[in-house]
There are 2 protein chains.
Amino acid sequence: MITINDIAKEAGVSAGTVDRVLHKRDGVSKKTAEKVNAIIKKYNFKTNKIASSLALNKKLKIATLLPQYDEENTFWKAPLMGTQNAQENVEKFGVTVENFSFDQFDAASYINTFGTLIASEPDGVVIAPIFKKETTQITKILEKKNIPYLFINVDLEGFNNISFIGQNAFKGGLLAGKLMHLCLKDNCSVLIIHTRLNADNHYAISERIHGFNDYFINKNISISSTIANIIDLRNTERLKQKLKKILKDTPSINGIYVPSSRISTFAYCLSAISSKKLALIGFDGTDQNIKCLEEDKVSFLISQKPFDQGYKSIILMSDYLIEKKAPEQKIFSPIEILTKENVNFN
Amino acid sequence: MITINDIAKEAGVSAGTVDRVLHKRDGVSKKTAEKVNAIIKKYNFKTNKIASSLALNKKLKIATLLPQYDEENTFWKAPLMGTQNAQENVEKFGVTVENFSFDQFDAASYINTFGTLIASEPDGVVIAPIFKKETTQITKILEKKNIPYLFINVDLEGFNNISFIGQNAFKGGLLAGKLMHLCLKDNCSVLIIHTRLNADNHYAISERIHGFNDYFINKNISISSTIANIIDLRNTERLKQKLKKILKDTPSINGIYVPSSRISTFAYCLSAISSKKLALIGFDGTDQNIKCLEEDKVSFLISQKPFDQGYKSIILMSDYLIEKKAPEQKIFSPIEILTKENVNFN
DNA sequence: TATATTTGCGTGTGCGAACACGAAACAAAA
DNA sequence: TTTTGTTTCGTGTTCGCACACGCAAATATA
């Protein structure tokens, strides 16, 4: 492995000069710089990153701004753990990760938490931009301070985020359509449950519905679908009543499609009010959802590897900060099919 | 981040002594060692791996022994690429990877290639142990030289491999059964194709068949299955004749299960001899197989993330060599469902 | 020509850990 | 008391790189 000193020797200069050339610092004559660059190219020399980070000995801080999870909403646990796991890999390079969490149903909490985040003076920020309008404010501040940011899970357009990491929601919906069709064959009567929890973040959910419908349209398969808008998921009793009424009104329904992470809520309500076996398809492998798979209450889940999303976001940001390596604009997570037989291996 | 010197200062000794304690070198009195250890534990101190590898300045070499891939058999391309990708991540720690490949249908080639491998004096070896008897010879040599080895993809029992990375073949078969059932509902008549290419490596394939059958037995679903033993996959014309005959003899067949990576071969033969739409389910996302998915010739593929297997094998071995971190005995790859709608995101 | 300023570049130190070398400290033998 | 051997540690150097510091030569200004 060739070193800076080897380059220096061959160029007839000192290591310091080579270093200046490498870092494009001035104080080097054009002629010398060219000579050094030629030799660098000749050997395809690259600085030893471990020695470099040792010498730099500088601390970079990455802050994350993700929704907090609780017993009801566990989805955001996985991305958080992904970021924490990634930290173990980047702390060798002097990168630390600090997590900030906000209430995903409260835009004010989003703003407030960002306030404490920015006070911690991070060098890069990973955001789940649940609220669009507020994200505009936030990113304006970040850009003024020249702090790079990337979006995770929610793909907002029109921002200067260095990257987006998440799923193609439309394709996920398409796949859900295929699986539903497979379960019900040519006799599809599906209840689509739109849990529109907040106005800004419903893009992914409506894309999932869009994709679902498109599957049947493209394949020219007839399907009858009922749409239910359900906002309050906490009142289980009212949920049951509502479900009961829908199933009574449309007894042909043999499948339920929940394009959010909350299918387990419906699975439990359903098994409480009816013994009829329906095909249930939902998203995200949360603990509760996985339990439903194992208990045969849910047929399929479509997952987006949220742990990996968190993990990758940190690695990406770290690479960006350390070597200014610009990531791809959009990094799509795999669209993973989970079912009883394979869920234990994920 | 706490350093060796911090520990030394607090213990009232020099950094050298702390270093001796850390590496369990002798020359330290019991009393001092205890004092130092207490402080190490108190701060949960761990040596800075990057500084360590700088100081050590030693090159570790990991050698891989994998089957070579060609146009017909592309499966082993992915693990190879995984190892090469992993190399980029471990070379920071002075680890290099050298790949050796053998003819998977020729045991002598396996032995011969191992000869050149061992001549390169590796510090650790990653093996796809396709041939059992020959693997016994090989590992005997490795053990004599005290070179650790791990198995990838093929799970041989009774060896001192530090780990196995691969799929649980039985569970994969089980999932294949479910998917087949889903495609054909309660009218399953399946042709199972046993491509028994060599005697040693058929364990995974028979497990996949075993799991497949078990699905129907456990669920008490009736299925009629025909088994075909096909050895020569190169003579396409004979293959077509054989398939034609089977389908003619058993016209009820509506699904084909290929528990190896070669389903594309059958898919193309099939579309040449019949226009009937059968459900085809196979394993592994090779380029040809994926093409079949996209062309709707194959319904599902079950993948084991072979790229990740290669990747992980290097990371694991590297960690083992650098920090003597013993890995888990068996590391199971995910059992991934690939279908037309999600295959592009993998 | 003398002095000030800029430009170009070499030197030295430190990052955290590993280890060779050798210096104390102490014990046992002469 | 001196010599020799052993145990226990501290010191100094090294790995490859980054950067502050400062010196000399080149150029500008008086």
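In the text below, chain A, chain B and the rest are named by the order of the sequence lines, each starting its count at 1. The analysis underlying the following values was restricted to heavy atoms, covering all of them including side chains, and did not include hydrogens, waters or symmetry mates.
Using modelled atom types and a 3.5 Å distance limit, the side chains of B:Q104 and B:Q68 yield no donor-acceptor pair. Using a 3.5 Å distance cut-off with no hydrogens or angles, the side chains of B:Q167 and B:S333 do not pair a donor with an acceptor.
Residues of residues 39-57 of chain B that place a heavy atom closer than 4.0 Å to DNA chain C, in numerical order, are B:F45, B:T47, B:N48, B:A51, B:S52, B:L54, B:A55, B:L56. Shown for residues 5-15 of chain B: no residue has heavy atoms falling under 4.0 angstrom of DNA chain C. Contact check of residues 17-26 of chain A against DNA chain D (heavy atom, cut-off under 4.0 Å) returns A:D19, A:H23, A:R25.
Listed by first and then second residue, the side-chain hydrogen bond (donor to acceptor under 3.5 Å, both in side chains) pairs that reach into residues 38-47 of chain A are A:E10-A:K42, A:E10-A:Y43, sequence neighbours excluded.
Distance, A:I2 CD1 to D:dC17 C1': 15 Å, rounded to whole Å. Separating the CD1 atom of B:I4 from the P atom of D:dT11 is a distance of 15 Å, rounded to the nearest angstrom.
Residues satisfying the side chain to side chain donor-acceptor pair (under 3.5 Å) test with B:K330, not counting sequence neighbours, are B:D155, B:E157. A:S29 pairs by the side chain to side chain donor-acceptor pair (under 3.5 Å) definition with A:T32, not counting sequence neighbours. The side chain to side chain donor-acceptor pair (under 3.5 Å) check on B:N161 picks up nothing, with sequence neighbours excluded. By the side chain to side chain donor-acceptor pair (under 3.5 Å) test, A:Q137 is found to be paired with no residue, residues two or more places apart in sequence or in another chain being considered. B:F151 meets the ring-ring contact (aromatic ring centres under 6.0 Å, His included) test with B:Y149, B:F159; sequence neighbours excluded.
Applying the 6.0 Å contact sphere to CD of A:E121 captures no more than 12 heavy atoms from other residues, nucleotides or ligands. Environment of CZ in B:F45: crowded, with over 12 heavy atoms of neighbouring residues, nucleotides or ligands closer than 6.0 Å.
Annotation: the terminal axes of the helix from C:dT1-D:dA30 to C:dA30-D:dT1 meet at 70°, where each axis is the rotation carrying the C1' atoms of four end pairs onto the next four (5 pairs per end, rounded to 10°).
The closest side-chain heavy-atom distance from A:D123 to A:I62 is not below 4.5 Å.
Separating the CD1 atom in B:I331 from the NZ atom in B:K312 is a distance of 7.0 Å, to the nearest 0.5 Å. B:T116 contributes atom OG1, which lies 12.0 Å from atom CZ of B:F102 (distance to the nearest 0.5 angstrom).
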Atom pairs and distances, donor-acceptor, side-chain atoms in residues 74-83 of chain A, under 3.5 Å, two or more places apart:
residue : atom : partner : partner atom : Å
A:T74   : OG1  : A:Q288  : OE1          : 2.9
A:T83   : OG1  : A:L80   : O            : 2.6
A:T83   : OG1  : A:N99   : ND2          : 3.2

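In plain terms, the two heavy atoms of A:L66 and A:A128 that are nearest each other are CD2-CB, 3.9 Å.
Taking every nucleotide of DNA chain C with any atom under 4.0 Å from a non-hydrogen atom of chain B, the first and last of them, 5' to 3', are C:dG16 to C:dC19.
If you find the closest nucleotide of DNA chain C to A:A33 and to B:G16, the one lying nearer the 5' end belongs to A:A33.
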